[in-house]
2 protein chains.
Amino acid sequence: MEPEKVRAPNIRDVARLAGVSYQTVSRVLNEHPSIRETTKQRVLDVITEIGYRPNQAARALVTSRSRTIGVLTAQTADYGPSTSVTAIEHAAREAGYRITVTSIASSEYTSIRVALDQLLTQAVEALVVIAPQVRVLEAIRELHIDVPYVTLQNADMGEADHTMSIDQVAGARLATQHLIDLGHTEIMHISGPRDWIEADARMQGYLNAVNDADLRTRAPILGDWTAHFGYYAGLELLRFRDFTALFAGNDQMALGFMHACWDSGLSVPGDISVVGFDDIPEAAHFYPPLTTIRQNFAEIGRRAVSLLLAELQGTRVDQAQITPELVVRRSTAAL
Amino acid sequence: MEPEKVRAPNIRDVARLAGVSYQTVSRVLNEHPSIRETTKQRVLDVITEIGYRPNQAARALVTSRSRTIGVLTAQTADYGPSTSVTAIEHAAREAGYRITVTSIASSEYTSIRVALDQLLTQAVEALVVIAPQVRVLEAIRELHIDVPYVTLQNADMGEADHTMSIDQVAGARLATQHLIDLGHTEIMHISGPRDWIEADARMQGYLNAVNDADLRTRAPILGDWTAHFGYYAGLELLRFRDFTALFAGNDQMALGFMHACWDSGLSVPGDISVVGFDDIPEAAHFYPPLTTIRQNFAEIGRRAVSLLLAELQGTRVDQAQITPELVVRRSTAAL
DNA sequence: CCATTGCTTGTGTACGTTCACATTCTCAAC
DNA sequence: GTTGAGAATGTGAACGTACACAAGCAATGG
């Protein structure tokens with residue numbers, strides 16, 4: 001007498017025990033309106049009693065709807081992306097969807113292809129992209145992906161339909177303008193990697209602000225979002241002290257840069273003012289507390305989902321851009 | 001003439017075009033040994049040509065295997081959990097599994113139940129838990145979950161089979177001992193929240209080390225992992241300067257605490273030495289750079305997956321504990 | 001009292017795949 | 001040339017659900 005593998009109960013088991021047809025059970029599950037209250041209750045009782053769970057695979061098979069949203073992210077543990085993913089997960093869950101996350105190891109084309117391929121094989125109904133988007137977008141077009149998708153940051157690429165935009169250009173402008181307002185005229189910028197759309201947008205905002213103020217434009221340094229990069233770039237840059245303010249593409253690089261400042265015997269904001277971007281929770285506790293641009297990552301995630309869900313239902317929603325916000329702390333001071 | 005919705009190609013379409021039976025195609029897909037090379041190639045050609053993708057739902061239905069690993073995480077964007085999740089995803093993908101992530105909003109019982117319920121409904125074959133584990137473990141038992149599961153941190157709860165352990169107790173000992181070796185005798189500890197097993201383990205390591213050295217034991221402060229908490233707890237603690245060293249349960253709280261030190265006019269490590277835990281990438285760039293305990297989060301994730309996969313195949317692997325490592329930086333100094 | 005309507009329930013079928021079993025083919029050994 | 005074994009391929013089920021349609025039932029109106 002083996003403890004023989006018990007089959008999980010199915011819809012017919014429920015039906016038998018409740019004394020109805022399987023179709024009636026199906027109706028209860030799908031909240032069909034025409035079902036007598038007593039019958040419904042009887043079915044529900046049986047369901048909880050025997051611990052029945054609808055088989056998602058069977059459901060997906062017959063409806064050809066996976067109720068799954070794919071999330072494609074860069075292999076990063078950064079605060080922003082992580083926060084957004086969590087928000088996406090919650091919003092999706094509330095709408096009866098689940099998410100499946102795939103991260104890409106590098107931004108190489110094959111890596112992206114493999115990741116997209118896996119997502120498609122899982123029959124995702126929609127796609128959220130949080131990654132080096134330029135290349136990913138290319139891959140999406142090339143693979144003829146026809147599910148609704150959305151990229152999580154501002155893209156000024158004529159892809160308005162597929163973009164959940166925080167106005168990063170405006171955010172970067174805000175940051176740069178803040179430095180200008182403090183009287184700085186020589187402002188450096190360390191940006192994110194080349195193929196990140198948001199890096200590009202922030203750089204654009206910086207350039208716009210500097211140009212509008214008729215200040216000297218300096219070639220931004222292309223970084224990789226890490227504090228390490230900020231540190232080493234800082235050590236290099238500070239050998240020539242020909243600037244008095246720095247706008248970093250994110251808070252981590254700002255942190256690294258400030259570290260380089262102390263190591264070079266310079267004070268922030270005494271000698272150099274620093275502005276970051278993102279407002280990660282730690283930024284308020286940096287030394288000195290970092291002036292930065294706050295982004296509502298959770299809100300972006302939520303909106304991305306609602307945008308996709310709307311598209312799945314054939315409706316369109318006009319999404320207002322989310323405006324980022326300047327948070328002034330002690331890392332910036334008047335010249 | 002509508003552009004009528006084209007049905008995705010199925011296994012029979014492939015079979016027809018390749019001039020074989022659908023079962024032959026199935027064999028090609030599942031790498032059955034007895035299949036002629038020429039036939040196999042013909043089938044593969046057709047597959048790539050028409051862009052056929054096996055329907056996972058149908059597969060899951062008939063095999064009753066979802067090839068999905070569920071990940072239950074706390075709603076946190078912290079470096080550690082995020083890194084582990086990414087590693088889990090990669091390891092799972094290599095083994096032909098995918099992951100589905102669900103995060104719990106609060107550590108309330110219902111919240112945990114809902115999350116677990118969603119995971120079970122998705123028929124996950126295994127479960128990784130990165131969350132306030134004490135309560136989650138209770139829920140797992142209560143719901144009679146019978147899939148293999150693993151918690152991602154050390155649990156000294158007689159659950160060795162289900163634990164992917166980094167030896168956190170040892171790590172905390174290491175941190176505390178480092179302070180003792182530097183001559184400190186009054187050492188405070190800010191720990192993580194009550195129901196996190198890892199918080200508990202770190203506290204245990206601290207207490208062990210302090211006891212073994214016959215030092216005064218101080219009641220640890222229960223924190224919430226955030227820099228904010230570290231800051232405010234620090235402001236409070238520093239009103240009585242009756243300690244010379246602090247071991248924080250993670251790097252964020254250490255950062256907040258150091259912030260409180262500057263605000264209180266104290267120098268780190270001049271007046272107070274600080275040790276963190278985790279070695280997040282930013283820790284090397286704190287002011288001063290933080291002495292901390294490095295954990296290999298990615299390795300934990302990988303091992304968790306291999307543990308689960310082994311269990312699914314009925315084999316058992318003995319997992320050596322991963323030992324954390326002390327990284328000495330400038331936030332600690334001899335008394 | 002019967003026809004009509006709307007609510008409630010039941011029956012057949014399809015979704016796309018794999019498994020168990022059956023069949024055909026190939027080649028070597030007697 | 002026959003037999004047999006193993007390789008290669010094919011046929012009929014089954015997985016658990018939702019949809020289309022059919023049918024039963026009660027209430028309403030004439």
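The chains referred to below are lettered A, B, ... by the order of the sequence lines, with proteins before strands, and numbering in each begins at 1.
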Peer 1: Does a donor on one side chain and an acceptor on the other come within less than 3.5 Å for B/T100 and B/T68?
Peer 2: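 The criterion, which ignores hydrogens and geometry beyond distance, is not satisfied for B/T68 and B/T100.
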
Peer 1: Nearest heavy-atom pair of A/S82 and B/A77: which atoms, and what distance?
Peer 2: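 Scanning both residues completely, I find the closest heavy atoms to be CB-CB, 3.6 Å.
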
Peer 1: Using the test salt bridge (Lys or Arg N to Asp or Glu O under 4.0 Å), find all partners of B/D45 that sit at least two apart in sequence or belong to another chain.
Peer 2: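 Counting only residues at least two positions away or on another chain, B/D45 forms no salt bridge (Lys or Arg N to Asp or Glu O under 4.0 Å).
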
Peer 1: I want to verify a distance call: between D/dT9, C/dG16, C/dT18, whose nearest atom is closest to the B/S21 side chain?
Peer 2: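 Nearest to the side-chain atoms of B/S21, counting from C-beta on, is D/dT9.
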
Peer 1: Within the distance-only criterion (no hydrogens, no angle test), does the side chain of A/N10 pair as donor or acceptor with the backbone N or O of A/R12 below 3.5 angstrom?
Peer 2: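 Pair found, side chain donor or acceptor close to backbone of A/R12.
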
Peer 1: Within residues 26-43 of chain A, find the residues that approach DNA chain D with a heavy atom at under 4.0 Å, and present them sorted by residue number.
Peer 2: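 Per residue number, the list reads A/S26, A/R27, A/N30.
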
Peer 1: Could you tell me how far apart A/Y22 (OH) and C/dG10 (P) are, to the nearest whole angstrom?
Peer 2: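 Interatomic distance, OH of A/Y22 to P of C/dG10: 10 Å.
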
Peer 1: Tell me which residues in residues 48-70 of chain B lie within less than 4.0 Å of DNA chain D, going by non-hydrogen atoms.
Peer 2: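 Listed by number, they are B/L61, B/V62.
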
Peer 1: Answer yes or no: is there an ion pair linking B/R141 with B/E138, defined by an N-O contact shorter than 4.0 Å?
Peer 2: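 Here B/R141 does not pair with B/E138 in a salt bridge, since their nearest N and O are not under 4.0 Å apart.
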
Peer 1: Atom CD of A/Q23 to atom P of C/dT9: distance rounded to whole Å?
Peer 2: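 Going from A/Q23 (CD) to C/dT9 (P), I get 11 Å.
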
Peer 1: Run the numbers on B/E125 and B/R67 for salt bridge (Lys or Arg N to Asp or Glu O under 4.0 Å), then give the verdict.
Peer 2: CA-CA 7 Å; B/E125 291 184 32; B/R67 296 210 148 265; 5.7 Å; no

Peer 1: Under 3.5 Å, is there a donor-acceptor pair linking the side chains of A/E142 and A/Y109?
Peer 2: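 Per modelled atom types, A/E142 and A/Y109 side chains form a pair under 3.5 Å.
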
Peer 1: Looking only at non-hydrogen atoms, find the nearest pair between B/Y97 and B/I69 and report the distance.
Peer 2: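 That closest heavy-atom pairing would be CD2-CG1, 3.8 Å.
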
